[in-house]
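Some notes on the structure that comes next.
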Amino acid sequence: MAMTRFEKLFVNRERKAKRNIEIVRPRLEQLDLDNLHNVLELGCGIGSVSAFLFDSYQMNVIGIDFDSAQIDIARRKYPENDRLRFKIEDASKLSFDDGSFDLVLSQNVFHHIHAWNEAVQEVSRVLRQGGYFIWLDLVFPRLVKTIFQPLVRNYGLYTFDDIEIEFEKSGFKQHFTERLAHGPFPHYQVVLQKCEI
């Protein structure tokens, strides 16, 4: 789902980009970086984290976003080359081949995806066996989900239990989980590895 103009004012700030990089860097340092070459960033926005992965780790990165205006900004801000590209994609219906990526990264994206469970399945499909998925997002209390689910058509509503169950069904094993204090709803950062189902 494309974000509102108000949401873009918040997420497109340079300070927000630096914060996203600060959050993801320690998780990357926990992984075997020598075996992480091809990376997909879901909901890349204006491309700051994708460009960071390309610049700092020499990774081949594809940043995707559903919002074409965000992709236009990313392409202007960070010129594409053979190792850094930006595409308009729906995270619940990815166009990439099975096992195409060593790492998939998603920061604050899944609550924008109504079919968030399909997005988890797609991440599993495009990740190679043993590949990693870094997921950071907010979760909702069960009461909030129950009340608002019938009313919400464009957002994903899930509890932490819901997302954990979907991760497990899609063949992911959790390596790291941290609950972050952030606003009225808790945020979680989870590092997962794709295993045999």
Side-chain angles (χ1 to χ4, degrees), residues 1-31 33 36-80 83-89 91 94 101-113 116 119-120 123 126-127 131-140 155-156 158 160 163 167 174-192:
M1 182 193 102
M3 289 186 296
T4 65
R5 185 177 295 171
F6 175 75
E7 287 173 310
K8 289 178 186 179
L9 288 174
F10 176 71
V11 301
N12 289 353
R13 296 174 301 141
E14 194 65 36
R15 199 166 139 209
K16 176 69 172 156
K18 287 180 183 175
R19 175 78 178 125
N20 285 345
I21 290 167
E22 287 171 14
I23 289 170
V24 78
R25 188 191 311 261
R27 300 296 74 84
L28 288 169
E29 299 298 332
Q30 293 176 329
L31 305 178
L33 292 171
L36 302 179
H37 307 289
N38 298 313
V39 179
L40 176 65
E41 184 187 7
L42 304 180
C44 69
I46 61 171
S48 302
V49 174
S50 291
F52 161 76
L53 296 171
F54 164 70
D55 287 336
S56 298
Y57 297 99
Q58 292 74 52
M59 296 174 172
N60 302 314
V61 184
I62 298 176
I64 67 163
D65 205 290
F66 188 74
D67 189 325
S68 61
Q70 294 289 82
I71 293 296
D72 290 342
I73 295 169
R75 287 175 173 155
R76 285 194 305 271
K77 192 169 181 174
Y78 304 104
E80 293 179 293
R83 291 182 35 232
L84 177 64
R85 292 178 290 142
F86 299 102
K87 289 184 70 175
I88 301 162
E89 290 264 345
L94 296 171
F101 299 98
D102 306 310
L103 171 67
V104 176
L105 172 67
S106 172
Q107 293 189 86
N108 298 305
V109 175
F110 272 59
H111 67 275
H112 290 282
I113 305 170
W116 62 269
V120 173
V123 169
V126 301
L127 258 181
Y132 290 95
F133 180 25
I134 299 176
W135 182 88
L136 170 72
D137 216 319
L138 57 86
V139 297
F140 301 92
Y155 288 92
Y158 44 81
F160 189 67
I163 198 90
F167 287 153
Q174 290 186 35
H175 277 274
F176 174 87
T177 302
E178 180 179 18
R179 181 181 171 157
L180 307 169
H182 193 305
F185 304 116
H187 269 66
Y188 281 85
Q189 186 173 46
V190 184
V191 178
L192 304 126

Determine whether a donor-acceptor pair (N or O, by modelled atom type, separation under 3.5 Å) exists between the side chain of Asp65 and the backbone of Ile71. no
[X] versus [Y], closest heavy-atom pair with distance:
X: Cys44; Y: Glu41; result: CB-OE1, 3.4 Å
X: Ser50; Y: Gly63; result: OG-CA, 3.6 Å
X: Ile23; Y: Gln189; result: CG2-NE2, 3.0 Å
X: Asp67; Y: Ala69; result: OD1-N, 2.9 Å
X: Gly43; Y: Val109; result: CA-CG2, 3.7 Å

Can you classify the ring geometry of [X] versus [Y] as parallel (below 30°), tilted (30 to 60°) or perpendicular (above 60°)?
X: Phe133; Y: Phe110; result: tilted
X: Tyr78; Y: Phe86; result: tilted
X: Tyr158; Y: Phe140; result: perpendicular

So, do [X] and [Y] sit near enough that their side-chain heavy atoms are less than 4.5 Å apart?
X: His175; Y: Tyr132; result: yes
X: Leu28; Y: Leu103; result: yes
X: Gln107; Y: Arg19; result: no
X: Leu42; Y: Ile64; result: yes
X: Val123; Y: Leu192; result: no
X: Phe54; Y: Met59; result: no
X: Asp137; Y: Ile163; result: no
X: Glu89; Y: Leu40; result: no

If you measure from [atom1] on [X] to [atom2] on [Y], what distance do you get to the nearest 0.5 Å?
X: Leu138; Y: His187; atom1: CG; atom2: NE2; answer: 4.5 Å
X: Tyr188; Y: Leu136; atom1: OH; atom2: CG; answer: 12.5 Å
X: Arg85; Y: Arg75; atom1: CZ; atom2: CZ; answer: 10.5 Å
X: Trp135; Y: Thr177; atom1: CH2; atom2: OG1; answer: 9.5 Å
X: Arg27; Y: Ile134; atom1: CZ; atom2: CD1; answer: 8.0 Å
X: Asn20; Y: Lys18; atom1: CG; atom2: NZ; answer: 12.5 Å

Test side-chain contact (heavy atoms from CB on, under 4.5 Å) on Val190 and Phe160 and set out the steps. CA-CA 11 Å; Val190 184; Phe160 189 67; 4.0 Å; yes
Show your reasoning for whether side-chain contact (heavy atoms from CB on, under 4.5 Å) applies to Ser48 and Lys16. CA-CA 10 Å; Ser48 302; Lys16 176 69 172 156; over 6 Å; no
Using a cut-off of 6.0 Å, state whether more than 12 heavy atoms not belonging to Arg83 lie near its atom CZ. yes
Does the pair Tyr57 and Arg25 meet the rule for a side-chain contact (heavy atoms from CB on, under 4.5 Å), with working shown? CA-CA 10 Å; Tyr57 297 99; Arg25 188 191 311 261; 3.6 Å; yes
Checking side-chain contact (heavy atoms from CB on, under 4.5 Å) for the pair Ile21/Val49: CA distance, chi angles, key distance, verdict? CA-CA 6 Å; Ile21 290 167; Val49 174; 4.1 Å; yes
